[in-house]
Amino acid sequence: MSHNKYQPASSQGKNYAPEGITRPIYRASDGLRAQQYFEGKDSRDIITQKPAGDFHTSNQQAAYFTYDKEYAKILKPVGGKIIRQDVPREMLRNGYKFDDVPDDNWYHLVEKCRRNERAEGSMRRVQKMDIIEGPVAHTSTRSIVGVRPPTPKQKFKPYKRGDEYVQQVVFKGDALESLTRLKARETF
């Protein structure tokens, strides 16, 4: 009888994995900040420089990563580096996961965060969460906030590679501090 430590998906959802199983995440960064992060593991070196992003507002510090290494390479500045961290799946289970395809809730949260406003309904609770996963809105904040609400969906430009939307994960609050305690390395 085979004793396979990898268990099939369960009623706990597709992010369920036995303890110890990790998922790689990637972040493009300028070379100096990446090196400082490798050496000191200070969250200041991976915090996004934008005042508001897809899943955070200006009063929150946030670090965005992607599961797609090739997308991170596209974002890498000249002379920059790609940071790789292996995050325990049990840590990711503590967050909120949007569907892989953008839905109305995703559009609502991205618009509210980019406008630096409170989300409404169930998305208000999600907006406060420390870990949020979902598609990447590959557009400038100005293209979203420069029009009267609600912003037309075509302005969000969810990023696709092939037939799939590129997914991102944001870490805020306690999750951001926990992330800095995990091993990080440069990848190519």
Side-chain angles (χ1 to χ4, degrees), residues 13-15 23 25-30 33 37 42-68 71-72 74-77 80 82-83 85 87 89 91-161 164-180 182:
K14 73 178 186 179
N15 285 329
R23 182 157 188 195
I25 57 174
Y26 306 92
R27 177 182 175 80
S29 184
D30 71 66
R33 290 183 78 204
Y37 184 63
D42 190 329
S43 63
R44 290 178 297 186
D45 297 314
I46 59 168
I47 291 172
T48 187
Q49 300 298 302
K50 297 177 182 176
D54 291 356
F55 303 139
H56 83 283
T57 56
S58 65
N59 65 337
Q60 300 171 307
Q61 292 184 330
Y64 286 83
F65 286 79
T66 181
Y67 297 115
D68 188 328
Y71 182 68
I74 292 168
L75 299 179
K76 184 177 88 170
I82 303 293
I83 298 169
Q85 288 196 257
V87 178
R89 286 197 183 228
M91 182 176 172
L92 295 172
R93 278 199 314 265
N94 293 326
Y96 182 85
K97 169 106 175 66
F98 280 99
D99 288 336
D100 290 347
V101 176
D103 61 13
D104 288 340
N105 284 331
W106 179 84
Y107 284 106
H108 173 79
L109 185 62
V110 172
E111 178 170 20
K112 291 298 185 177
C113 287
R114 292 278 189 109
R115 289 183 181 278
N116 204 33
E117 297 174 353
R118 283 183 175 194
E120 297 156 4
S122 64
M123 288 297 101
R124 177 70 186 129
R125 181 184 62 78
V126 172
Q127 189 178 38
K128 294 178 182 181
M129 294 182 81
D130 285 352
I131 299 174
I132 305 171
E133 299 177 63
V136 173
H138 193 78
T139 190
S140 70
T141 295
R142 186 176 16 171
S143 71
I144 292 175
V145 301
V147 296
R148 296 186 88 135
T151 303
K153 289 182 178 179
Q154 67 268 24
K155 296 277 190 183
F156 290 83
K157 300 180 184 173
Y159 193 79
K160 279 180 113 172
R161 274 192 352 105
E164 295 186 4
Y165 289 95
V166 172
Q167 302 297 304
Q168 65 184 333
V169 58
V170 66
F171 296 86
K172 307 181 281 188
D174 291 339
L176 179 58
E177 289 309 310
S178 294
L179 186 68
T180 64
L182 300 175

Decide if atom CG of Asp174 counts as having more than 12 heavy atoms of other residues, nucleotides or ligands within a radius under 6.0 Å. no
* To do: Take atom NZ of Lys153 as the centre, draw a 6.0 Å sphere, and report whether it contains more than 12 heavy atoms from other residues, nucleotides or ligands.
  => yes
Backbone N/O of [Y] and side chain of [X]: donor-acceptor pair under 3.5 Å:
X: Gln167; Y: Tyr165; result: yes
X: Asp54; Y: Val110; result: no
X: Ser143; Y: Thr139; result: no
X: Thr151; Y: Ile144; result: yes
X: Asp68; Y: Val166; result: no
X: Arg114; Y: Leu109; result: no
X: Arg27; Y: Ile46; result: yes

Lys/Arg N to Asp/Glu carboxylate O, Glu111 vs Arg115, below 4.0 Å
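Between Arg115 and Glu111 there is a salt bridge, with a charged N closer than 4.0 Å to a carboxylate O.
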Short side-chain donor-acceptor distance under 3.5 Å, Tyr26 and Gln85: no
- Message: What I want to check is whether the side chains of Asn59 and Thr57 have a donor and an acceptor closer together than 3.5 Å.
- Response: yes
Q. With under 30° as parallel and over 60° as perpendicular, where do the rings of Phe98 and Phe55 fit, or are they tilted in between?
A.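 Taking Phe55 first and then Phe98, their aromatic rings lie parallel (interplane angle under 30°).
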- Would a line drawn from the ring center of Tyr71 to the ring center of His138 be shorter than 6.0 Å?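 Yes, close enough.
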